[in-house]
Amino acid sequence: MKQQFKKWALRLGVTGLVTTALLLIIIRNPILAYANKITYNNYAIFHGKPFDPALITKLNQATELLKRSEFHNSKLQIDICKNDGSKYPMLMQTLYGQAFA
C-alpha cells in the first residue's frame, strides 16, 4: 500500500510540475497563443484575426502623449495582446485580474 501511494504521489507531483512549467512558458511567450505578431517601433502586437491599421494611428498618438511624461522610457518594449478570440487574455485575466497590463 505504501509503495502504491509513493508511486501515485510521484506521478501527481511530476504532472503538477509539467503543467506549471507549460503555463509559465505560455505566460512568458504570448506568441504561442496567437497566430500573428507585428512589430511597430517599440510595440509588439499579437493578434489572431486580421490586423486593423487604425491601431497604428492610436499607438502613434499614445506614444506622443507618453513622450511628454517624466516617466517616459524610449527603450521600453511593450507587448500588446489583442482580445480577438485567443484564450491568452482570458488566462491572464484569470491569473492577474481584470486589468493585467
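Keep in mind that this is a model prediction, so the values were computed, not measured.
By the criterion of side-chain heavy atoms lying less than 4.5 angstrom apart, applied directly or through intervening Ile, Leu, Val, Met, Phe, Trp or Tyr residues, Phe46 is grouped together with Leu91 in one hydrophobic cluster. Hydrophobic clustering places Tyr40 together with Ile78 (ILVMFWY residues linked when any side-chain heavy atoms are closer than 4.5 Å, directly or through intermediates). Linking Ile, Leu, Val, Met, Phe, Trp and Tyr whenever their side-chain heavy atoms come within less than 4.5 Å leaves Ile31 and Ile45 in two separate clusters. A single hydrophobic cluster is seen to contain both Leu95 and Tyr88, as judged by linkage of ILVMFWY side chains at heavy-atom distances under 4.5 Å, directly or through other members.
Judged by distance alone, the side chain of Tyr34 and the main-chain N or O of Lys82 form a donor-acceptor pair under 3.5 Å. With Asn83 contributing its side chain and Pro89 its backbone, the two residues share no donor-acceptor pair below 3.5 Å.
Rounded to the nearest 0.5 angstrom, His72 NE2 and Leu66 CG are separated by 7.0 Å. Here the CD1-NZ distance, from Ile80 to Lys58, works out to 11.5 Å after rounding to the nearest 0.5 Å. Distance check: Arg28 CZ to Leu23 CG gives 12.5 Å after rounding to the nearest 0.5 Å. Note: Leu65 CG to Gln61 CD = 8.0 Å, rounded to the nearest 0.5 Å.
Looking at Ile38, Thr63, Asp79, Leu76 one by one, the single match for side chain to side chain contact (heavy atoms under 4.5 Å, CB included) with Tyr43 turns out to be Thr63. Just one residue in the list Leu22, Val18, Leu17, Leu24 forms a side chain to side chain contact (heavy atoms under 4.5 Å, CB included) with Thr20, and that residue is Leu24.
Contact of the Asn42 side chain with the Lys75 side chain is not registered, since no non-hydrogen atoms from C-beta on lie closer than 4.5 Å.
Pairs engaging residues 61-70 under the salt bridge (charged side-chain N to carboxylate O under 4.0 Å, His left out) rule: Glu64-Lys67 [sequence neighbours left out].
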